[in-house]
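Presented below is the structure to which this report refers.
The analysis underlying the following values was restricted to heavy atoms, covering all of them including side chains, and did not include hydrogens, waters or symmetry mates. In the text below, chain A, chain B and the rest are named by the order of the sequence lines, each starting its count at 1.
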Amino acid sequence: MTPFQTVSGVAAPLPMANIDTDVIMPKQFLKRIDREGLAIGAFHDLRFDETGKPRPDFILNKLPYNAAKFLICGDNFGCGSSREYAVWGLQQLGIRAIIAPSIAGIFFGNCEKNGLLALTLPQPDIDHLMHCAMSGDTCMMVIDLNAQIIHTASKRISFDIPDARKQLLLSGADHVQQTLDQTDLIATFEADQADRRPWLWSRG
Amino acid sequence: MSVCPSMTMPKTLYEKLIDQHCVTRIDADHVLLYVDFHIMNEYTSPQAFAGLHSAARPVRRAGAHLAVIDHVNPTRPITDLSQIADSGGRLQIETLGQNCARHGIELFDLFDPRQGIEHVVVPENGFAWPGMVIACGDSHTTTYGAFGALAYGIGTSEIEHVLATQTLVYRVLAPMQVRIDGALPLGVSAKDIVMAFVKDVGAAGASGYAVEFTGSTVAALSVEARMTLCNMAVEAGARAALIAPDATVFNYLQGRPHAPKGADWEAACVDWQTLQSDPDARFAKTVTIDASTIAPLVTWGTSPDQSVPITGCVPEQADARALDYMGLHAGQQLTDITIDRAFIGSCTNARIEDLRRAATILRGRRVAGGVTALVVPGSKQVRAMAEDEGLDRIFKDAGFEWRGAGCSMCLAMNDDVIPEGERCASSTNRNFEGRQGRGARTHLMSPEMVAAAAVTGTLTDVRTMMDPAP
Ligand code: SF4
């Protein structure tokens, strides 16, 4: 995956709460066996009308937000279905970070696995970022992951992130390989479980 | 090894399950968790296999996975995949078949008599047991909490991770107790309880928590009703929902095709008795619900927490965007809302008990003119059981279409789609914008409430159509 180090770009405000993954990536884009061609699907029904014409009112169709790299969101962003297509579509649309007061669990995990930075911040910080994002004059931001700081025109907002997660994002390393490097521990666990709870190893 | 949590403090059931499956602790918040059983469907798994193949990695433990076709298949009878018009869906079905064959993974394909919605077929075939960690690329995996299993939904990258390593990097949640006491009133079922819970705490109210349902109401519920409860807990953001296993669960499991047998069964039952929260275990949060005060609930909006009792009105402070989408106005009486569609189905409410309760309402009655009504049993086995009991006749005589098994109109990834602007009384779990079709308007409720609405053509209090309890 693409490493995330220092990224600068436009932040778009999406203040509605409970934006679910059906809205982020509607079902008609899920009928595939690859991860390609999903940019068109991202927020499809919000971005386009029934005839496929862009809706001029939708924030991501407006200048400068059509080039947004960050989304400043409302509560519970990404709730609903587990579809990882939602994350792939956002990335293909150019989104690099989701910042919200809360982010739904499965979606959060999906972001992490793909190198899309997902951050939950206290409400006052969200309020500031949302305020900045609302205006074309102040919507440029810089996220410095290594320093754990978001720079807006008027403020520096620091954020917490567990070190293991940060290192993975910074390096873009392969999650599966990281675990495969611990195969011995897994094998030890399996042997121990087979001994203590043998029925788990004799499924008919 | 100091790597996993200590075993000495009083523990909640959730914490015990984490301890028992912790391969190693990663940091303060994360463990590497062992996955005992993993379920896949056709639409969230293809890219996981593709990732595995491109890295030339084997599946670690092929016997610990099951694959099921359920999301994209038609529910009208077909005899061959070539009859599926939608090429994308067909490709997903074929791809899952190829991937399972390549890795020796068991598959319930479209023509298998055990096929159906994953969260219906897994329990009915006895794959879900107390004390397991179960993962699946689907958010309603919380269903298996009804057995006292730690079960949760994962994304496609995590499917790849489980296939390759049989583990997941897992963020440990805070335990929340949801204590439910009191007798369930007539006409109120598990769907109403969980809708009441979601309404109480909100759509993100259990985010970051693992919920344990406790109390006398829960203890009195059947395993199927417990599944309904745990299934929809994810609509409050809970990534896990648990109920301590008891004799009701053991009786349900015993003798099912894939349940432990003989000496394994005996040993398992002894172990499973310990799967309870210790009396002095600490929950990070406790919520109490008085079941005796619950009335049948119906959603008015586009989030599962936007519900009111059927006797009520659309709230005065209702979210304007949701009202606009739903074509409703604040203060409107729920029972004045007319419907175009009725749908009984989904992993929340398409098990045999659900169909029986709905059929009780429909017996001797007819679906209102202008209402298209559909029942999609959760699995082929549920469908066969219902036919044995004559429930299919009741549904058909009432004017419902009697379909094959699958997710169908719960998410409308097959050809069962609600046209723009039409309004549906639905026994499903999500009323999101566009969920049942672009512009479709979904009202969530119990299957018996769907039956009542189908008969009158308007949202209806099912209690007015029931004989008072003897
Ligand atoms: S029935 Fe609905 S909620 Fe359940 S697995 Fe299928 S699509 Fe998901």
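Summarising the geometry of B:L411 relative to A:R83, their closest heavy-atom pair is CD1-NH2, 4.0 Å, with the distance given to 0.1 Å. Minimum heavy-atom separation, B:T156 to A:N110: N-OD1, 4.3 Å. The two residues A:L30 and B:Q92 have their closest heavy-atom pair at O-NE2, 2.7 Å. Between A:V176 and B:H161, the closest heavy-atom pair is CA-CD2, 3.9 Å. Residues B:G434 and A:K27 approach most closely at O-NZ, 2.7 Å, considering heavy atoms. Looking at every heavy atom in both residues, A:S82 comes nearest to B:T44 through OG-CG2, 4.3 Å.
How far CZ of A:F189 is from OG1 of B:T167: 10.0 Å, rounded to the nearest 0.5 Å. In this structure, CG in A:D192 is found 11.5 Å from OH in B:Y34, a value given to the nearest 0.5 Å. Here B:E160 contributes atom CD and A:K113 contributes atom NZ; the two are 11.0 Å apart, rounded to the nearest 0.5 Å. Note: A:D22 CG to B:N431 CG = 10.5 Å, rounded to the nearest 0.5 Å. Taking SG of A:C79 as the reference point, atom CG of B:D305 lies at 9.0 Å (rounded to 0.5 Å). Atom CD1 in A:I33 sits 12.0 Å away from atom CZ in B:F49 (nearest 0.5 Å).
Between B:D29 and A:R165 there is no salt bridge, since no side-chain nitrogen of the basic residue lies less than 4.0 Å from a carboxylate oxygen of the acidic one. For the pair A:E112 and B:R171, the salt-bridge criterion is not met [side-chain N within less than 4.0 Å of a carboxylate O].
For B:E420, the part lying near chain A is the side chain, with the backbone staying farther off; criterion is any non-hydrogen pair under 4.5 Å. Neither the backbone nor the side chain of B:A263 comes within less than 4.5 Å of any heavy atom in chain A. In this structure, the portion of A:L46 lying under 4.5 Å from any heavy atom of chain B is its side chain and not its backbone. If you measure heavy-atom distances from B:V72 to chain A, the contacts under 4.5 Å come from the side chain alone. Interface remark: A:Q193 contributes side-chain atoms only to the contact with chain B (heavy atom separation under 4.5 Å). Interface residue B:R435: backbone and side-chain heavy atoms are both found under 4.5 Å from chain A. Of the two parts of A:D174, only the side chain, counted from C-beta on, holds a non-hydrogen atom closer than 4.5 Å to a non-hydrogen atom of chain B. When heavy atoms are compared at a cutoff of 4.5 Å, A:Y85 approaches chain B solely by way of its side chain, counted from C-beta outward. When heavy atoms are compared at a cutoff of 4.5 Å, A:R35 approaches chain B by way of both its backbone and its side chain. Contact of A:Q178 with chain B is not made at all, since no heavy-atom distance falls under 4.5 Å. Proximity to chain B (any heavy atom under 4.5 Å) is restricted, for A:W88, to the side chain, taken from C-beta onward. Heavy-atom distances place both the backbone and the side chain of B:D36 under 4.5 Å from chain A.
Between the A:E84 side chain and the B:G137 main chain, no donor and acceptor come within less than 3.5 Å of each other. The backbone N or O of B:S303 sits nowhere less than 3.5 Å from a side-chain atom of A:N18 that would complete a donor-acceptor pair.
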B:D86 and A:K31: CA distance, side-chain angles, deciding distance, salt bridge (charged side-chain N to carboxylate O under 4.0 Å, His left out) verdict: CA-CA 9 Å; B:D86 166 33; A:K31 303 268 195 69; 2.7 Å; yes
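Atom NE2 of A:H131 has 12 or fewer heavy atoms from other residues, nucleotides or ligands within 6.0 Å. Summarising the local packing, CZ of A:R55 is surrounded by more than 12 heavy atoms from other residues, nucleotides or ligands at distances under 6.0 Å.
Put simply, the residue from A:V23, A:T21, A:D20 that forms a side-chain contact (heavy atoms from CB on, under 4.5 Å) with B:F432 is A:D20.
When each of B:M132, B:R57, B:R90, B:H30 is scored by its heavy-atom pairs under 4.5 Å with chain A, the top score falls to B:R57. The candidate from A:M16, A:Q182, A:H175, A:Q177 with the greatest count of non-hydrogen atom pairs under 4.5 Å with chain B is A:Q177. Contacts with chain B were tallied for A:D163, A:I106, A:N76, A:D34; A:I106 has the most, counting heavy-atom pairs under 4.5 Å. Contacts with chain B were tallied for A:S102, A:P26, A:S81; A:S81 has the most, counting heavy-atom pairs under 4.5 Å.
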